[in-house]
Amino acid sequence: MNNNTLVFRLTEKNDFSKLNISKEVKNFIADLTDVQSDVYELLIDKFITFGKITYANKGSFVIVSNISFSDELNIVPTIQEAYDFIDMEDIERQLDV
């Protein structure tokens, strides 16, 4: 697995804006499997902004959810698929060098 990836689980009581992020962490996986569907609408704008910042820093941001709630976000159904997605994007970035 990727050493520079942070996986965080979000529930209704969590606040992802308080993540303790180091410079080594470039990739993020948000596990939303325990979040109710009505919470997604509250998070979309924050996730889109977070994703743009992550990609500007040459990283990846993937959401794990059984519900595809936005075309602007990378959403996959399992943690393993999130890691695979990040690996593919890492390869694409290396090829663009």
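Just so it is clear, the structure is predicted and the values come from calculations on it, not from any experiment.
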Distance-only donor-acceptor hits, side chain of residues 61-68, under 3.5 Å, sequence neighbours excluded:
| from | atom 1 | to | atom 2 | distance (Å) |
| --- | --- | --- | --- | --- |
| S65 | OG | Y40 | OH | 2.9 |
| S65 | OG | I67 | N | 3.0 |
| S65 | OG | I67 | O | 3.1 |

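- You'll find the side chain of F50 stays beyond 4.5 Å of the side chain of D45, heavy atoms only.
- Heavy-atom minimum distance, N74 versus Y55: ND2-OH, 2.5 Å.
- Residues satisfying the side chain to side chain donor-acceptor pair (under 3.5 Å) test with E81, not counting sequence neighbours, are T78.
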### Task
Before giving the answer on side-chain contact (heavy atoms from CB on, under 4.5 Å), spell out for V7 and Y83 the whole-Å C-alpha distance, their side-chain angles and the decisive distance to 0.1 Å.
CA-CA 10 Å; V7 179; Y83 277 108; 3.3 Å; yes
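- At distances below 3.5 Å, not a single donor-acceptor pair connects side-chain atoms of N27 with backbone N or O atoms of G59.
- Looking at Q80 and D84, their side chains do bring a donor and an acceptor atom within 3.5 Å of each other.
- Note: E92 CD to S60 OG = 9.0 Å, rounded to the nearest 0.5 Å.
- Interatomic distance, L43 CG to L32 CG, rounded to the nearest 0.5 Å: 7.0 Å.
- Side-chain contact between I79 and I29: present, with at least one pair of heavy atoms (C-beta onward) separated by less than 4.5 Å.
- Residues passing the side-chain contact (heavy atoms from CB on, under 4.5 Å) test with I53 are T49, N57, sequence neighbours excluded.
- Nearest heavy atom pair, residue K58 against residue K26, reads O-CD, 4.0 Å.
- Between D90 and R93 there is a salt bridge, with a side-chain nitrogen of the basic residue lying less than 4.0 Å from a carboxylate oxygen of the acidic one.
- With sequence neighbours excluded, the residues satisfying side chain to side chain donor-acceptor pair (under 3.5 Å) with T33 are D31.
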